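Everything below concerns the one structure shown next.
Keep in mind that what you see is a predicted model, and the values were worked out from it rather than measured.
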Amino acid sequence: MRINVVDAASISTRSSTDTGTETDETDTVGGAEDTGDGSVQSDSAGQGQNGDAETASPDNTTAGTAAPITSAEPQELEPVTPADEEASAPEQPAGAGDLSFTDPATGATLPAGGFTLRGAGTAGRQAELFEDNTSLGQVTVGEDGTWSFDVPSPSAGVHTYSLREAQGDELASLRVTTRAAAAGAAAANCTEDFSLSIADGQTVSEPFRFGGKGQGSGYSVTVRRATRVIGTRRVSLDASCGWNYESKPGPGTITYEVRPAGDTEAEPISTVTLTVSD
């Protein structure tokens with residue numbers, strides 16, 4: 001009689017898992033020239049881990065005796081909390097250090113028209129504010145540790161607002177979406193007080209834009225380099241009674257005079273002189 005001797009098999013498991021060339025200005029409606037020139041405009045790689053857990057093979061047994069198969073001793077495992085169940089950190093302002101955005105929240109969707117950006121920082125701190133890569137001018141933190149800026153009507157869509165130091169280093173950023181104006185909306189019966197988003201005497205990067213709110217049929221902007229007029233452009237009000245003007249005049253000192261539309265001889269409502277950096 002032949003007796004078969006059975007060896008226990010090892011068991012294992014595996015789990016896998018305005019340009020520098022001076023030109024005459026043209027009419028702009030809500031930041032886009034009537035001529036069509038357009039004066040105004042995240043990866044997370046899934047990371048898996050492969051781990052192996054093996055049960056040890058039983059020791060060799062005496063010939064003629066089948067090795068008993070025993071269960072692995074239970075092991076105590078520490079509970080693992082899924083990443084999405086971990087307590088999330090409190091939301092922080094969009095920025096770090098001595099300058100940040102506090103309102104609106106990043107990712108917000110805003111109605112058509114201008115809106116106000118707000119932030120916090122060290123009193124007296126200054127930075128240049130950008131909409132995408134277009135300068136809007138300088139912001140300065142007040143004695144109470146806050147700052148605000150009235151953004152003139154942006155174009156519809158997604159925009160990134162950032163605060164940068166003079167050498168170009170970004171200090172903080174914020175992304176929002178601006179809705180388009182309702183179809184057929186027109187600037188009728190605008191009676192808003194005139195406002196201008198940029199202050200006289202600032203240094204800005206180009207291109208840059210400014211604007212505000214207003215009334216009537218819009219405004220006429222005359223551009224001067226010293227005493228020489230290098231262009232005039234008429235800008236109309238949008239459906240939110242806002243207006244804006246984008247410029248890329250080249251480096252140097254440039255003066256902008258804003259008058260009621262159609263009256264180029266009237267006294268300017270506002271005059272600002274800006275230094276355009278190289």
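Side-chain contact of S205 with E128: a donor-acceptor pair under 3.5 Å is present, judged by distance alone. Residues D144 and T146 have side chains that bring a donor and an acceptor to within less than 3.5 angstrom of each other.
Among all heavy-atom pairs drawn from A172 and L99, the shortest one is CB-O, 3.9 Å. L136 approaches V151 most closely through the heavy-atom pair CD1-CG1, 4.2 Å. Contact detail for P249 and I254: the closest heavy-atom pair is CG-CG1, 3.8 Å.
If you look at Y161 and F149, their ring centroids are not closer than 6.0 Å.
Using the six-membered ring where Trp is involved, Y245 and Y256 have ring planes that are perpendicular, over 60° apart on the 30 and 60° scheme.
F130 and L274 end up in different hydrophobic clusters when Ile, Leu, Val, Met, Phe, Trp and Tyr side chains are linked at under 4.5 Å.
Of the options T160, L117, D103, a side chain to side chain contact (heavy atoms under 4.5 Å, CB included) to L174 is made by L117 and by none of the others.
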Checklist entry - Run the side-chain contact (heavy atoms from CB on, under 4.5 Å) check on L171 and R125 step by step: do they pass? => result CA-CA 12 Å; L171 301 169; R125 188 74 158 88; 3.7 Å; yes
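In D278, the CG atom is not crowded: 12 or fewer heavy atoms of neighbouring residues, nucleotides or ligands sit closer than 6.0 Å.
Taking OG from S220 and CD from E257, the interatomic distance works out to 9.5 Å, rounded to the nearest 0.5 Å.
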